[in-house]
**Student:** 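Quick one: the structure is below, and I'll ask about it shortly.
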Amino acid sequence: MRLKRTHFCGSLTKEDTGKIVVLAGWVRKRRDHGGLIFIDLSDKWGIVQLVFNPQENQESYRQAHSLRDGWVISLRGHVSLRPAESVNPGISTGEIEVLVEEMEILNPCLPLPFPPEDKIEVGEEVRLRYRYLDLRRPVMQRNLSLRYRVTKAIRNFLDGKGFMEIETPFLTRSTPEGARDYLVPSRVNPGQFYALPQSPQLFKQVLMVAGVDRYFQMARCFRDEDLRADRQPEHTQVDIELSFIQEEDIFELIEEMLSLLFQEILGISLPTPFPKLVYQEALRRYGTDKPDLRFGMELIDLSSLISSGNFRVFNDVLAKGGQVKALRVPGGGSFSRKKLDDLKSWVTLYGASGISWILLRGKEIASPLINYFSQDILKEVITQMEAEPGDAIIFVADKSEVVAAALGQLRLHLARELNLIPRDNYQPVWIIDFPLFEFDSQGRLTSLHHPFTSPQEEDLPKLKKAPTKVRARAYDIVLNGEEIGGGSIRIHQRKIQESILKLLGIDEVEARDKFGFLLEALSFGAPPHGGIALGLARLIMILAGEHSIREVIPFPKTQRAICLLTRAPSLVARDQLKELHIQVEAEDAPTI
RNA sequence: GGGGCCGUAGUUCAGUUGGCUAGAAUGCCAGACUGUCGAUCUGGAGGUCGCGGGUUCGAGCCCCGUCGGCCCCGCCA
């Protein structure tokens, strides 16, 4: 590269008119008029038009004929004001152009699979395979830069609050959190494995015992579970832990931090304090523990009202201790029979056997329930639902968990479909008072959060008799229906920790083996402590207005946990396996 | 582990009941053109219809299997 860059493509303005500049970048578009060639040159900062004129410079004009999209060049030229009729108001440098006097071709380029611009019609598979081209697109550059600005702002903020960033190991031991571990074989300890951390949970607690008082980390976490639009096998969490604090301290800290981010990034002020919603109430009103509060459509319990009718489906459900709840769907009165059938089969995904409905078509009421309920009851239903002409009321009757899942999902589904969710609106909410335990599918008691979460003190007496009634000192932060973080006040006393482990069916031997180090640490003057972890990509996804975290992760994996760029995972050489004392079952694993 | 949608030119897609040489747009290549910026005009090249098997006189289309992408259930502090 002979020419030394003096300016960036996107930063030139008419103030630079007359200057001799050296630019470097990618050829974006060639418009060859035979006697005159225009080229858009792009770099990270934007686009500027180059002009090759044979009357100005024969040699570079000749070279310009060979240029194609994606070629890398540098050039020296002088900045010139465009003729008034040729100004392009569509780009920031539209008032000027650069007349090229000398050019160096730095690298040619194959024809591009897709152009590096924002509006492309190309599948994600192709984008991921050529991720370096995808990331050249301005929108992806913005997402990358947004991520950097967010982490920088978080570091500054936490630094100002007396926090210290500390790294914890990637090669660690399997922790008892719920997810499947990624394992790493140990060469020097045959048959033994490290686990990649699902979170630095125990390390950050140990750091509190170590007197660090305020810790944070941009912590990479690994979970070998199936992927979703908001889940990758590895993700970064903003991991935070503090000593000598209560829930309110965490709430205030995170509220201040998120407010700062939204102010700095979007220029939006989030009102603080954020509202708090008790877990049970969230389930009752929204059917989920991560409610989207940007719109209403709450679930209304009509069980007692409806019990006076003689509709067998409802009565059977109620007799078995279930419930009948309903959702008001603004504008749903015009739903067709087919649409309602589709919704009916859609809710079966969530275990419901179907839906029932009342359509308010002007003054008319269309409903299969008409034959089973008196006019008075139907009117009362409409009153309780606060339904208006043109609305639909959709019922689900089942046991409470099914009603919550089905109606909760239906609420989201229909709100999206009917465009009822306001844009540029951000509604954070704390979900609090989670249960400490739940029963898993095999009827065993498990932690809802994790086993180091402190029970609420007033519920301690229920630990033995009614463990699922015990509330945890745990909290989630939910933003626009996305769980962007969660945490808890931890157990800092060995006795309580031991009794929780015992309740979880972990005997003393296993407890000592798996986290004896924690129990021991708790015995050496562990301070009361607690913390939170925020899912960085989810937060940035919301700030960026994207709908998948893959849009804010430079090199994400596909739903089958494959990196299409590098083709990881891959087979490894036999020798590598042998060195690691690993034998692979032959049937599904060819070797190289 | 399961459900749904999808896979045809570099890219995005169309392709009838199974029937001529598989099309369009864009991109690409060549030529023309001195004010374009989605340049324009003329011409051209470009296909393992994801892969394997089956049915059939004949398969892009039907059947079975398989691989891959997306969304979801289960799973997931």
Side-chain angles (χ1 to χ4, degrees), chain A residues 28-40 47-56 61 65 68-70 80 82-91 93-94 97 110-115 117 119-130 133 175-181 197-202 204 219 221-233 235 237 239 345-351 405-406 409 413 434 440-441 446-453 472 474-476 483 485-488 490 531-535 547-548 550 557-560 562 564 567:
Chain A
R28 259 299 295 127
K29 211 82 197 172
R30 187 179 60 123
R31 294 177 293 278
D32 182 347
H33 288 246
L36 193 64
I37 299 175
F38 299 99
I39 277 172
D40 289 341
I47 287 184
V48 70
Q49 173 166 281
L50 309 180
V51 184
F52 294 82
N53 189 329
Q55 286 168 6
E56 304 273 336
Y61 170 78
H65 273 290
R68 292 294 183 275
D69 274 19
S80 164
R82 291 197 194 188
E85 67 275 13
S86 299
V87 165
N88 181 355
I91 58 174
T93 60
E97 58 197 6
L110 289 173
L112 298 165
F114 56 91
E117 60 199 24
K119 284 181 185 163
I120 51 170
E121 284 184 0
V122 63
E124 197 169 353
E125 200 172 346
V126 178
R127 291 177 55 205
L128 291 176
R129 172 154 176 225
Y130 303 100
L133 298 179
T175 55
E177 277 134 24
R180 213 172 280 119
D181 283 318
Q198 294 180 28
S199 83
Q201 182 59 37
L202 297 181
K204 66 176 178 176
C221 303
F222 305 86
R223 271 163 221 180
D224 187 6
E225 296 293 346
D226 288 345
L227 285 69
R228 289 282 192 287
D230 63 350
R231 272 161 36 188
Q232 283 275 308
H235 80 286
Q237 65 185 35
D239 198 44
S345 61
W346 192 82
V347 296
T348 60
L349 274 174
Y350 303 94
Q409 291 294 331
H413 178 71
F434 281 84
D440 69 10
S441 51
T446 57
S447 295
L448 201 72
H449 190 55
H450 57 55
F452 318 108
T453 302
Y475 33 80
D476 276 358
E483 181 198 327
S488 63
R490 327 296 182 188
I532 192 166
L534 304 179
H547 296 287
S548 161
R550 294 188 299 274
K557 292 181 176 58
T558 69
Q559 196 158 46
R560 297 198 189 203
I562 287 166
L564 291 180
R567 302 309 303 197

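Letters A, B, ... are given to chains in the order of the sequence lines, protein chains preceding strands, and every chain is numbered from 1. Worth saying up front: this structure is predicted, and the values here are computed from it rather than measured.
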**Student:** Between A:Leu133 (CG) and B:U11 (P), how many Å, whole number?
**Tutor:** 12 Å
**Student:** Taking atom P in both B:C64 and B:G46, what distance in whole Å separates the two?
**Tutor:** 36 Å
**Student:** Of A:Leu36 and A:Phe114, whose closest RNA chain B nucleotide lies nearer the 5' terminus?
**Tutor:** A:Phe114
**Student:** Which of the following nucleotides, B:C76, B:U34, B:U11, is nearest to the side chain of A:Asn53?
**Tutor:** B:U34
**Student:** Given that both distances must come in under 3.5 Å, which nucleotide forms a Watson-Crick or G-U wobble pair with B:C76?
**Tutor:**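 Base partner found: none.
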**Student:** Which nucleotide, in any strand shown, forms a Watson-Crick or G-U wobble pair with B:G23, with both distances under 3.5 Å?
**Tutor:** B:C13
**Student:** For A:Arg550, is there an ion pair with A:Glu124 - N to carboxylate O distance below 4.0 angstrom?
**Tutor:**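 Yes.
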**Student:** Which nucleotide, in any strand shown, forms a Watson-Crick or G-U wobble pair with B:G31, with both distances under 3.5 Å?
**Tutor:**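 Answer to the pairing question: B:C41, which forms a Watson-Crick or G-U pair with B:G31.
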**Student:** When the nearest nucleotide of RNA chain B is assigned to A:Cys221 and to A:Gln55 on a heavy-atom basis, which residue is associated with the more 5' position?
**Tutor:**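 Result: A:Gln55.
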**Student:** At 4.0 Å (heavy atoms only), tell me whether A:Pro83 reaches a base, stays on the sugar-phosphate, or touches nothing.
**Tutor:**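 Here A:Pro83 touches the bases of the nucleic acid.
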**Student:** Just name whichever nucleotide pairs with B:C70, Watson-Crick or G-U, keeping both distances under 3.5 Å, else none.
**Tutor:** B:G4
**Student:** What is the distance, to the nearest angstrom, from the NE2 atom on A:His65 to the C1' atom on B:A32?
**Tutor:** 12 Å
**Student:** Within a radius of less than 6.0 Å around NE2 of A:His33, do more than 12 heavy atoms belonging to other residues, nucleotides or ligands occur?
**Tutor:**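 Yes - once you tally the heavy atoms of other residues, nucleotides and ligands closer than 6.0 Å, there are more than 12.
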**Student:** Considering only atom C1', compute the distance from B:G27 to B:G44 and round it to an integer number of Å.
**Tutor:** 14 Å
**Student:** Can you tell me the distance, in whole Å, between the CG atom of A:Leu112 and the P atom of B:A9?
**Tutor:**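 One finds 18 Å between P of B:A9 and CG of A:Leu112, rounded.
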**Student:** Could you tell me whether a side-chain N or O of A:Gln232 sits under 3.5 Å from a main-chain N or O of A:Leu227, the two making a donor and an acceptor?
**Tutor:** no
**Student:** Could you work out the separation of B:G69 and B:C29 based on their P atoms and round it to a whole Å?
**Tutor:** 31 Å
**Student:** In whole Å, what separates the C1' atom of B:C28 from that of B:G74?
**Tutor:**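 My reading of the C1' atoms in B:C28 and B:G74 gives 47 Å.
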**Student:** Quick check: do A:Pro83 and A:Glu97 have side-chain heavy atoms less than 4.5 Å from each other?
**Tutor:**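 Touching, per the 4.5 Å side-chain cut-off.
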**Student:** Expressed in whole Å, how much space separates the P atoms belonging to B:G15 and B:G60?
**Tutor:**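 These two P atoms come out 16 Å apart once rounded.
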**Student:** Answer yes or no: side-chain N or O of A:Asp69 and base N or O of B:G27 forming a donor-acceptor pair under 3.5 Å.
**Tutor:**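 No such pair is found, so the answer is no.
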**Student:** Look at the side chain of A:Gln198 and the backbone N and O of A:Ala179, then say whether any donor-acceptor pair between them is shorter than 3.5 Å.
**Tutor:** yes
**Student:** Quote, to the nearest angstrom, the C1' distance that separates B:U36 from B:U21.
**Tutor:**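 That atom pair is separated by 40 Å.
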**Student:** I'd like the P distance from B:A39 over to B:G1, given in whole Å.
**Tutor:**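 Going atom to atom, P in each nucleotide, I get 48 Å.
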**Student:** Under 4.0 Å, heavy atoms only, any strand: does A:Gly486 hit a base, just the sugar-phosphate, or nothing?
**Tutor:** nothing
**Student:** What does the B/S/- profile of nucleotides 37-44 of chain B look like, 5' to 3', with a 4.0 Å heavy-atom cutoff to protein?
**Tutor:** B-B-----
**Student:** Using the P atoms only, state how far B:C70 lies from B:C33, rounded to an integer number of Å.
**Tutor:** 49 Å
**Student:** Ring-plane angle category for A:His413 and A:Trp346, please: parallel below 30°, perpendicular beyond 60°, tilted otherwise.
**Tutor:**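 It falls in the parallel class, under 30°.
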**Student:** Write down the distance between CG (A:Asp226) and C1' (B:C73), rounded to a whole number of angstrom.
**Tutor:** 10 Å
**Student:** Using the rule given for side chain to side chain contact (heavy atoms under 4.5 Å, CB included), can you reason through A:Phe38 versus A:Val51, listing the C-alpha separation, both sets of side-chain angles and the distance that settles it, and then say yes or no?
**Tutor:** CA-CA 5 Å; A:Phe38 299 99; A:Val51 184; 3.9 Å; yes
**Student:** Over 60° means perpendicular and under 30° means parallel, so tell me whether A:Tyr61 and A:His65 are parallel, tilted or perpendicular.
**Tutor:** perpendicular
**Student:** Assess whether one donor atom and one acceptor atom, taken from the side chain of A:Glu97 and the base of B:G35, lie less than 3.5 Å apart.
**Tutor:**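 Looking at the base of B:G35, it does pair with a donor or acceptor on the side chain of A:Glu97 (distance under 3.5 Å).
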**Student:** Per the atom types in the model, does the base of B:C75 pair as donor or acceptor with the side chain of A:Arg231 at under 3.5 Å?
**Tutor:**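 Pair found.
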**Student:** Could you run through nucleotides 65-72 of chain B and give me one letter per nucleotide, 5' to 3': B if any protein heavy atom sits under 4.0 Å from the base, S if only the sugar-phosphate is that close, - if neither?
**Tutor:** ---SSBBB
**Student:** Short question: side chain of A:Tyr475, backbone of A:Ser488 - any donor-acceptor pair under 3.5 Å?
**Tutor:**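 Judged by distance alone, yes, a pair lies under 3.5 Å.
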**Student:** Between A:Arg129 and A:Leu564, is there a donor-acceptor pair closer than 3.5 Å when you use the side chain of the first and the backbone of the second?
**Tutor:**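 No, A:Arg129 side chain to A:Leu564 backbone: no donor-acceptor pair under 3.5 Å.
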**Student:** Let's see if you can work this out: which of B:U36, B:U11, B:C29 has an atom nearest to the side-chain heavy atoms of A:Phe38?
**Tutor:**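 The listed nucleotide nearest to A:Phe38's side chain is B:U36.
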**Student:** Roughly how many Å is it from CD1 in A:Ile120 to P in B:U26, rounded to a whole number?
**Tutor:**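 For the pair A:Ile120 CD1 and B:U26 P, the rounded distance is 18 Å.
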**Student:** Do the side chain of A:Arg68 and the main chain of A:Pro111 share a donor and acceptor less than 3.5 angstrom apart?
**Tutor:** no
